[in-house]
Amino acid sequence: MSGAGPDVLPAHRPLSGWVARFEPGGAPGAPGRLGPINDGDERADARAAARFRAHGWTRADATVRRAAGDPVRALALRAPDGSLLVELDDRGAPVEVSADGAELVARLEERWADAPADPATVERLARESLELRYFLLHRLDLETDAPAALFHCLPWQRVEAAARATAALLDAPGPGAGQGPRTAPYGELRHWFTPAATSLAGPLSVLEAGLRTVRPGPWFGREASALLAGLLAVDPERLPAPARAALAGLALRIGADPALHHSARLAAARLTAPEPRAAVDALALTARLDSGFVLRAADGEDDGSAATSLGRGPVEAEVTVTRGGRVTVEMEIDVFAAEASGAGGGRAVDAAEGPPCQPVRFGPVDGAAGVPEGERYWMLLDDAGPVLHGRIAVPAPTGQFDVDLDGPPVPLLFLDRVPPAELLASLRANERIGPARWHELVDGLPPRHPAHAALAAYEEELPS
């Protein structure tokens, strides 16, 4: 790539955001020392520095002396003038690498847009430090369509162990539950897996640790919903089969809670079905509608139905476009049927978290007008005896649009990061829930919860 044009980035650039100048030791072959992080500018990101846009950098390694302990071989870059810069992790420590690993990183960088992901390459990468693997995959994921198999070099056995431990704690919360060690026996998950999957390791860690140590207060519904959302978004091919199986089993166990039943089944199918796309299509609670049918029907050109019924086991939904230019979405979940079909018994969500709120997403079809990308409402699923029931009504978008009910519900308590405008629109949409019921649900929420402002604005709109 050295002969590439000025707009083409050089092959060898920092993987991490921090680098430090290598200062050679006094004797030949002695470990070197490191200068200040980013030459004293710790807030800067070396990956965006202008000097690394110049060609002539090469990949290297260097033996450096750590602040404490033995010298280590660290990942480095050699500048055109021959000087070395050592890459650092988030704590300012050198990113450790073997001599073979430095050569492998160089090879991957030289094939950056078409990185090899054969078993031998993945196995070589898996032998390198976790910090190196994280930084390499993070930049690959940002800049390329990285091959899924390359992410298998991460320590997925930790995720597998955490998922199985969490499911076991949910299945057997009897004597001794919550008395486990304060430190996870499988090792920390931290942020190491985010290049492969966001919203996976974080909520999984909190779920396992919370159950193992009996974390006080409401928290389970937030983490369970976040984990299911992550599993619905992840590329399953980035996870090895054992990790997929363990996470699918945990999802089904979480799905013993009726509100989470559908999203859990869908997530498990994406992870383990022989044909995931077909399995998802068979389970999905999605509908495509066309508000133009109203005008066509009025002209006698279309006698089709205005409603679409979606039935998936204990969960049933109906989406209707009315002649008055409204779209209604109604959902019912058979509580007893959902609990009976779960991979475990009983509800896991704490009643103190409040009622679940089902996300209802409206999306455009082929650039149809009037449907903002990602428009979302929250439909309250109220307890109506043997069922959870919700209904919203909103203005119908123009032309064709999609309705998506596949996302996991979130307890009202944990909608604390939703903008007040979105909550206000949702209060309007739940038109069969009156102010008195809203006050029952909202008044006990933390003072800074945006639902307070949304409810106040909603009441101002009501006729006096």
Side-chain angles (χ1 to χ4, degrees), residues 141 151 159 162-163 166-167 170 189 191 193-208 210 218-239 243-244 246-273 276 279-280 283-286 312 315 317 331 333 338 342-343 348-350 353-363 373-381 388 390 402-419 422-423 426:
D141 185 53
F151 295 89
V159 169
T166 306
L170 286 169
L189 301 185
H191 61 287
F193 300 90
T194 53
T198 57
S199 192
L200 191 159
L204 176 58
S205 294
V206 177
L207 284 171
E208 193 278 338
W219 57 272
F220 187 91
R222 175 186 61 210
E223 305 304 333
S225 294
L227 177 60
L228 292 178
L231 295 179
L232 289 171
V234 68
D235 176 1
E237 296 301 317
R238 291 188 173 190
L239 283 60
R244 294 202 305 268
L247 288 166
L250 174 57
L252 291 175
R253 178 57 188 84
I254 291 172
D257 183 273
L260 299 173
H261 176 81
H262 170 70
S263 296
R265 287 183 66 208
L266 195 63
R270 290 187 76 247
L271 292 171
T272 59
V280 168
L283 290 173
L285 288 173
T286 59
R312 301 292 183 265
V315 183
M331 174 185 279
I333 302 173
V349 176
D350 188 343
E353 297 181 356
C357 297
Q358 173 67 44
V360 183
R361 294 184 179 275
F362 292 84
E373 185 69 36
E375 186 170 0
R376 178 179 63 180
Y377 298 89
W378 295 94
M379 178 169 61
L380 186 74
L381 296 177
L388 294 175
D402 288 331
V403 182
D404 186 335
L405 294 161
D406 285 334
V410 179
L412 180 62
L413 173 63
F414 300 126
L415 297 184
D416 52 340
R417 296 185 179 182
V418 174
E422 185 175 313
L423 286 179
S426 298

Might you work through the side-chain contact (heavy atoms from CB on, under 4.5 Å) test for Asp404 and Val360, ending with a clear yes or no?
CA-CA 6 Å; Asp404 186 335; Val360 183; over 6 Å; no
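- Not a single donor-acceptor pair under 3.5 Å links the side chain of Glu353 to the backbone N or O of Leu412.
- The shortest non-hydrogen separation linking Ala224 to Leu207 is N-CD2, 4.0 Å.
- Taking 4.0 Å as the cut-off between side-chain N and carboxylate O, Arg238 and Asp141 count as a salt-bridged pair.
- You'll find the side chain of Pro359 stays beyond 4.5 Å of the side chain of Val410, heavy atoms only.
- For the pair Leu200 and Thr194, the minimum side-chain heavy-atom distance is 4.5 Å or more.
- Using a 4.5 Å heavy-atom cutoff, the side chains of Thr286 and Val403 are not in contact.
- To the nearest 0.5 Å, atom CZ of residue Arg222 and atom CG of residue Leu227 are 13.0 Å apart.
- Asp406 contributes a side-chain N or O that, together with a main-chain N or O of Leu285, makes up a donor-acceptor pair within less than 3.5 Å.
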Applying side-chain contact (heavy atoms from CB on, under 4.5 Å) to Leu405 and Val315, what does each step give before you reach the verdict?
CA-CA 11 Å; Leu405 294 161; Val315 183; over 6 Å; no
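- When all heavy atoms of Leu283 and Arg265 are compared, the closest pair comes out as CD2-NH2, 3.3 Å.
- Each of Leu204, Leu228, Leu231 was evaluated against Leu250; a single residue qualifies, Leu204, per the side-chain contact (heavy atoms from CB on, under 4.5 Å) test.
- In the model, Trp378 has a side-chain atom that pairs as donor or acceptor with a side-chain atom of Glu422 under 3.5 Å.
- The two residues Leu381 and Pro409 come nearest to each other via the heavy atoms CD1-CG, 4.3 Å.
- Using a 4.0 Å cut-off between charged nitrogen and carboxylate oxygen, Glu375 and Arg361 do not count as a salt-bridge pair.
- Taking 4.5 Å as the limit, some side-chain heavy atom of Leu380 sits within range of a side-chain heavy atom of Cys357.
- Residues Phe362 and Tyr377 bring their aromatic ring centres within 6.0 Å.
- A side-chain contact (heavy atoms from CB on, under 4.5 Å) with Phe193 is found for one member of Val159, Thr198, Leu239 and no other, namely Val159.
- Considering all non-hydrogen atoms of both residues, Pro411 and Ser225 come closest at CD-OG, 4.3 Å.
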Could you walk me through whether Arg270 and Val234 satisfy the side-chain contact (heavy atoms from CB on, under 4.5 Å) test, starting with their C-alpha distance in whole Å, then the side-chain angles of each, then the deciding distance to 0.1 Å, before giving a yes or no?
CA-CA 9 Å; Arg270 290 187 76 247; Val234 68; 4.1 Å; yes
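- No side-chain donor-acceptor contact under 3.5 Å links Ser263 to the backbone of Leu260.
- Of all heavy-atom pairs spanning Leu252 and Ala264, the tightest one is CD2-O, 4.3 Å.
- Here the side chain of Arg253 pairs a donor or acceptor atom with the backbone of Leu170 at under 3.5 angstrom.
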